[in-house]
Amino acid sequence: MTDESLVNGEEEQDLPEQIAIRLAKRERLIESGAEAYPVSLSITHTIDEVKAKYPDLEIDVATGDKVALAGRVMFQRNTGKLCFATLQAGSGARIQVMLSMDKVGESNLEHYKELVDLGDHLFVSGEVITSKRGELSVLADSWKIAAKTIRPLPNLHNELGEEYRVRHRYVDLIVRDRAREVVQIRAKVMQSMRKTFTDRTYIEVETPMLQTIHGGASARPFKTHSNAFDTELFLRIAPELFLKRAVVGGIDRVYEINRNFRNEGADRTHSPEFAMLEAYEAYGDYNTMAKLTQDLIQNAAMDVFGTLKVELEEGEISDLSGEWDRISMFESLSQASGVEITPETDISVLKKLADKEGLEIDHPLHGKYVEELWEHFVKANLQKPTFVMDFPVDTSPLVRNHRSKPGVVEKWDLYIRGYEQATGYSELVDPVIQRERFVEQVKLAAAGDPEAMKLDEEFLKALEFGMPPSGGMGMGIDRLLMTLTGLGIRETIMFPLVK
RNA sequence: GCGCCUCUAGCUCAAUCGGCAGAGCAACUGACUCUUAAUCAGUGGGUUCCGGGUUCGAUUCCCGGGGGGCGCACCA
């Protein structure tokens, strides 16, 4: 496979046959006085506009309407004196063009047959007609190459291999409707979410991706180095600690949609860089944020699909309607395991239960056992959207203690079809307790936990200026696209990382 | 990070118990003024991922490396 660009002086005889032939056609085109890549074309209509204008003409009609349009040649059917081509717009819309010897002349038609390949961008001007078979067509009186294609398109009658699709997404977008559709869906989901936020007077901000201390989540970071400051920097694992600074500064309703980076495993549901939404609302709490999250997702489904019963890839229907269930982590775990588990349950009991279930958990924290056991017993059964409420304290260092239940924090995770979709907190705003929580994390790090949080003095200083009581939420955008489409994460990201 | 599987023409895939590497589409030459994956006749195109080993002979078997997939681990 020739993976390098052709510009680097590859010898012609080393090139694959089809590429050499197309390069030669490009030369011939230029020698004939035409352009292979003209700077502008006098287009009067898009393919979609012509199709919209003539939705149902009779067979063999000449409209008298002259148009000039361009598109990529997807199919060619050349006969002796009458040639057919199917042009495709970026939208995926297709229209047939016809070139007859009568209209364009003999030498012009010969040039067309000689120089125009599948995949080329072609410009034609002519009359809108329907063919004798009734196909809406442009009967050309002139044509031009709009852009010469040097590499052949893949054949359109087999599905592309998974690897080829990801490495050549631009080709995938040309040949596969669903690939284009997913890009559209993603854009519409973003639009919908921004509208939901705007309607609630939220302000969108952008906070640093390069950070001197990474924080806001438990994960291993990517490291880099600043030459100017001669210092180690981290790509952010979360924007949380900066968005909270914004709330301290009086940006009372704030959100950010941007990339996070985590130096961890990649699989069907994880990508090293992924799009994250985080939102904070002063004078809100985790209930406020649960409602917001439900609205964000339900509005997106309605705006994009017009329904809350979303059809997924394999035809499965995902029902996102109604008020979503809320269950307690400790209660649902106790119920599913048949063992009463509370924040006071001795860790030895949890260890015994984990052993019995064949779980290998090697972690000093009580809460880690609770979460692992909960995932084991409960998680897979959560197909309907469900908020799992009230998490252990020791695994949630940025969340405030529950207002009435001892030993837990006001945190929920939203699960949809067994996947963690979003998380929400009543934020910890007490700088004294926050410092204590950070100190606990530092101890964990010293004990060898590579994902423990760092103590961030600048963030604590901000809290010391007074952060109002607030709710916060975070949601993986790629995950949301997966939830709404049933696709894997690499299909929801246009250009996922490939080695 | 560990285990299993996989890599053949531009694309999608065959084949070889180790013996001239094939098809469809695409390409090339020719025919065709209503085609729809046009059709018909003919032709060319391969570092079988890379390096080494075994062998008279390796695309096939063995070893090492690389890319990809799946499972496990970690995480969202």
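Numbers restart at 1 for each chain; the letters A, B, ... are given by sequence-line order, proteins then strands.
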- Should we count CZ of A:R326 as having more than 12 external heavy atoms under 6.0 Å?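 It does: A:R326 CZ has more than 12 such atoms within range.
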- A:Q383 atom CD, neighbour heavy-atom count above 12 within 6.0 Å: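 Yes, the 6.0 Å shell around CD holds more than 12 heavy atoms from other groups.
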Find the distance [X]:[atom1] to [N]:[atom2] and express it as a whole number of Å.
| X | N | atom1 | atom2 | value |
| --- | --- | --- | --- | --- |
| A:L87 | B:U36 | CG | P | 17 Å |
| A:I129 | B:C34 | CD1 | C1' | 9 Å |
| A:N78 | B:C34 | CG | P | 13 Å |
| A:Q96 | B:A37 | CD | C1' | 13 Å |
| A:H168 | B:C11 | NE2 | P | 8 Å |
| A:R165 | B:U12 | CZ | C1' | 13 Å |

- Task: Check whether any side-chain heavy atom of A:E410 sits under 4.5 Å from a side-chain heavy atom of A:F391, and report yes or no.
- Result: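 Not touching, per the 4.5 Å side-chain cut-off.
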Expressed in whole Å, how much space separates the [atom1] atoms belonging to [N] and [M]?
| N | M | atom1 | value |
| --- | --- | --- | --- |
| B:C49 | B:C13 | P | 15 Å |
| B:U6 | B:U12 | C1' | 16 Å |
| B:C20 | B:G46 | C1' | 14 Å |
| B:C5 | B:C75 | P | 28 Å |
| B:G44 | B:C63 | C1' | 38 Å |
| B:C50 | B:C11 | P | 15 Å |
| B:U48 | B:U60 | P | 10 Å |
| B:A14 | B:G22 | C1' | 7 Å |

- Would you give a per-nucleotide map of nucleotides 23-29 of chain B, 5' to 3', where B means the base has a protein non-hydrogen atom under 4.0 Å away, S means only the sugar-phosphate does, and - means neither? -BBBSS-
- Base, backbone or nothing for each nucleotide of nucleotides 66-76 of chain B, written B, S, -, heavy atoms under 4.0 angstrom, 5' to 3'? -SSSS---BBB
- Query: Between A:A85 and A:G161, which is nearer to the 5' end of RNA chain B once each is assigned its nearest nucleotide?
  - Reply: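 Nearer the 5' end of the strand: A:G161.
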- Select base, sugar-phosphate, or nothing to describe what A:M475 touches, counting heavy atoms under 4.0 Å on all strands.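 Result for A:M475 = nothing.
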- Task: Classify the nucleic acid contact of A:N260 as base, sugar-phosphate or nothing, counting any heavy atom under 4.0 Å across all strands shown.
- Result: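 No contact.
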- Query: Is there a donor on the side chain of A:E135 or the base of B:U36 sitting less than 3.5 Å from an acceptor on the other?
  - Reply: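 Checked by distance alone, the answer is yes.
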- Give the dot-bracket string for RNA chain B, reading 5' to 3', where a pair is Watson-Crick or G-U wobble with both distances under 3.5 Å, ( ) marks pairs inside the strand, [ ] marks pairs crossing earlier ones, | marks a partner on another strand, and . marks unpaired. (((((((..((((.....[..)))).(((((.......))))).....(((((..]....))))))))))))....
- Aromatic contact, A:F197 with A:Y255 (centres under 6.0 Å):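 For A:F197 and A:Y255, the ring centres are under 6.0 Å apart.
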Is a salt bridge present between [X] and [Y], judged by a nitrogen-to-oxygen distance below 4.0 Å?
| X | Y | result |
| --- | --- | --- |
| A:K368 | A:E451 | no |
| A:R417 | A:E316 | yes |
| A:K291 | A:D295 | yes |
| A:R186 | A:D478 | yes |
| A:R259 | A:E273 | yes |

- Task: Return yes if a side-chain donor-acceptor contact under 3.5 Å exists between A:T288 and A:E281, otherwise no.
- Result: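 The criterion, which ignores hydrogens and geometry beyond distance, is not satisfied for A:E281 and A:T288.
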- Task: Using distance alone, with no hydrogens and no angle criterion, decide if A:D48 and A:S91 have a side-chain donor and acceptor under 3.5 Å apart.
- Result: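 There is such a pair between these side chains.
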- Donor-acceptor pair, side chain of A:E264 and main chain of A:R220, under 3.5 angstrom: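 Yes; judged by distance alone, with no hydrogens or angles, the pair exists.
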- Item | Below 4.0 Å: OP1/OP2 of B:C34 and any side-chain N or O of A:K132 |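 False: A:K132 side-chain N/O out of range (4.0 Å or more) of B:C34 OP1/OP2.
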- Task: Check A:I347, A:L350, A:T395 against A:V370 for a side chain to side chain contact (heavy atoms under 4.5 Å, CB included) and give me the one that passes.
- Result: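 Output: one option passes, namely A:L350.
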